Amino acid sequence: MAFVMIARQALFQLKSSTSVKACVKECKHDNSKSHAVQLPEKTRNSSVLVLGGTGRVGGSTATALSKFCPDLRIVIGGRNREKGAAMVGQLGKNSEFTEVNIENVDSLAAALKDVDLVVHAAGPFQQAGKCTVLEAAIETKTAYVDVCDDTSYALRAKSFKDKALAANIPAITTGGIYPGVSNVMAAELVRAANTESKGKPERLRFYYYTAGSGGAGPTILATSFLLLGEEVVAFNKGEKIKLKPYSGMLNIDFGKGIGKRDVYLLNLPEVRSAHDVLGIPTVSARFGTAPFFWNWGMSAMTNLLSPEFLKDRTKVQQLVQLFDPLVRAVDGIAGERVSMRVDLECTDGRNTLGLFSHRKLSVSVGNATAAFALAVLEGSTQPGVWFPEEATLDGGNRPKRARIRNILVTIQVYCVFLPQFCYYTLKRTQVVEITDLSGGFRLALKVADCSEVYSFEDIRENSKPPQ
């Protein structure tokens, strides 16, 4: 409980160097402890089905859930029994494998029969005609979380809100890292601006960087190729605009450990949800990768291949098989660091920024997804189908939902490598960044054009950040 209070203070007040030091020290201390958390007694022994559990994202999620809550029964859902057995071997006695085909209604119904929560990580979600897993979850009254990163799929999932309400089940769509944690970061920036600023939030920009494929393998490769076939939807002063995919390059600073990276426009669901839910008139999202020639290759594919070709899942899978050996070889050199930067501008000139960085996307996405899953199991998500940022809504005639602070604290507590999103604001832009890239925590405080960097050891030895 003490840690939750410290985390809450660090995340939402951060008014003095004392609170900064407390946050960093507590994070460092927690890194040496067991990561186990206590769910309410009624859900402590819940059964969680992870679809795509033999893949990189699903496997990482299952590992995180097993680590955070050893009493959970983890069911790995997939098609390959050999891979499933290997995953169960890693997870231990409280796990099992079930063969399931997510395109088959009967197969899904059987897999969901004795499950309390299903985590859908069996992507790619692009060009999927139906939300078969969500429909099956509603039919069997099973709570639901997915890691969807496709706008059309996410909006289709939202259309099942009334059915989910009628079935009395909570469901979160786009509940991974980006989208997912990035939505939560944006919502917290907006909440703070609405509370502390005289102006109104007017421009929100999502920037993402992942080295190579992020260690996520063929799935993220297929996702990237399929996104190149979609027109980019963005919003400019409330007007919906369509742009060419992988265009509009910007060079963005992701901080020490990542540096400046080129990022390009992509059609991502958090743009639409942030505009609709948070009411921001101007929203866009950009993504970039490394080495640099991958960006060139993505741009070339957009120019050389037709949208029809890039929307064809069969043809894209063939491309993935062709490029996969090369991608894996380059991943071994490039690593899989990931960074997310969310910028918010207000009408009064106030600018705030949230920054997240991690050494391994394959680990951090599992931690993030597990945090959303645990928020559902804790009972903090009401029935319906929600975007992550809808957790900010709590008041008026709206049903009470999981509050934004609770989700951020959940991620802070459950995921040792997710303490990075902290902030507070002066009259000019100020960023507080806590990053675990080199084995220890680093705190950077940036005010306007000034920048000072403090290591954990510096802070521990009473080196005070500027006031």
Side-chain angles (χ1 to χ4, degrees), residues 9-17 19-20 178 181-209 234-241 243 248-256 258-263 265 268 270-286 339-357 389 392-393 404-405 408 420-435 443-454 465-467:
Q9 180 185 28
L11 282 167
F12 308 111
Q13 295 177 8
L14 218 57
K15 296 301 183 183
S16 69
S17 61
S19 65
V20 173
Y178 63 84
V181 172
S182 59
N183 303 50
V184 176
M185 290 166 65
E188 176 57 18
L189 291 176
V190 171
R191 182 205 65 79
N194 287 334
T195 302
E196 303 167 8
S197 175
K198 294 181 180 179
K200 294 182 178 180
E202 66 173 351
R203 186 179 185 187
L204 183 67
R205 291 167 294 176
F206 295 94
Y207 303 121
Y208 305 128
Y209 164 79
F235 292 89
N236 183 35
K237 298 180 180 179
E239 180 183 352
K240 180 179 177 180
I241 58 176
L243 304 165
M249 186 270 285
L250 293 176
N251 187 251
I252 299 299
D253 188 354
F254 289 95
K256 188 176 180 180
I258 303 294
K260 292 185 177 181
R261 301 289 176 171
D262 293 340
V263 291
L265 288 164
L268 298 173
E270 53 269 48
V271 171
R272 176 66 179 268
S273 60
H275 175 266
D276 292 351
V277 175
L278 302 178
I280 311 301
T282 300
V283 191
S284 62
R286 285 175 168 85
S339 189
M340 304 184 294
R341 173 173 160 168
V342 184
D343 290 28
L344 178 68
E345 298 176 11
C346 296
T347 54
D348 63 352
R350 168 192 167 116
N351 301 322
T352 52
L353 180 157
L355 184 64
F356 167 96
S357 297
E389 60 267 49
T392 60
L393 304 178
I404 195 73
R405 295 186 179 187
L408 281 171
Q420 291 89 335
F421 178 52
C422 300
Y423 79 94
Y424 67 105
T425 308
L426 298 178
K427 292 181 180 179
R428 300 183 70 181
T429 302
Q430 180 163 328
V431 182
V432 172
E433 171 195 347
I434 300 176
T435 311
L443 181 142
L445 203 61
K446 302 178 183 178
V447 185
D449 295 328
C450 302
S451 178
E452 294 192 43
V453 177
Y454 298 85
Q467 299 298 309

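Quick caveat, the model's predicted, so the values are computed rather than measured.
Looking at heavy atoms from C-beta onward, Phe356 lies out of side-chain contact with Val342 at the 4.5 angstrom threshold. The shortest distance between side-chain heavy atoms of Ser273 and Asn183 falls below 4.5 Å. The shortest distance between side-chain heavy atoms of Ile258 and Tyr209 falls below 4.5 Å.
Between atom CG of residue Leu278 and atom CZ of residue Arg191 there is a gap of 12.5 Å, rounded to the nearest 0.5 Å. For the atom pair CZ of Phe235 and CG of Asp276, the computed distance is 6.0 Å after rounding to the nearest 0.5 Å. Rounded to the nearest 0.5 angstrom, Arg205 CZ and Ile280 CD1 are separated by 12.5 Å. Separating the SG atom in Cys346 from the NZ atom in Lys200 is a distance of 11.5 Å, to the nearest 0.5 Å. Note that CE of Met185 is 9.5 Å distant from CG of Asp343, once rounded to the nearest 0.5 Å. For the atom pair OG (Ser182) and CD (Glu270), the distance works out to 4.5 Å, reported to the nearest 0.5 Å.
The two atoms that bring Ala193 and Leu344 nearest to each other are CB-CD2, 3.9 Å, heavy atoms only. For Ala234 against Leu243, the heavy-atom pair with the smallest separation is CB-CD1, 4.3 Å. His275 and Pro281 get closest at one heavy-atom pair: CD2-O, 4.0 Å. Ser357 and Ser339 make their closest contact through OG-OG, 3.0 Å (heavy atoms, listed as atom of the first residue, atom of the second, distance). Between Leu355 and Phe254, the shortest heavy-atom contact is CD2-O, 3.6 Å. Annotation for Val271 and Ser284: closest pair CG2-C, 3.8 Å, computed over non-hydrogen atoms.
The aromatic rings of Tyr178 and Tyr208 lie parallel to each other, with less than 30° between the two planes, well short of the 60° mark.
When atom types are taken as modelled, the side chain of Thr347 and the backbone of Gly199 share no donor-acceptor pair closer than 3.5 angstrom. Between the Arg341 side chain and the Asp253 main chain, a donor and an acceptor come within less than 3.5 Å of each other. Of the possible polar contacts, one joining the Arg286 side chain to the Gly248 backbone as a donor-acceptor pair under 3.5 Å is found. Side chain of Glu389 to backbone of Ala274: a donor-acceptor contact under 3.5 angstrom is found. A distance-only check finds a donor-acceptor pair linking the side chain of Thr282 to the backbone of Lys237 [under 3.5 Å].
A side-chain contact (heavy atoms from CB on, under 4.5 Å) with Asp262 holds for exactly one of Asn251, Ile252, Leu250; it is Asn251.
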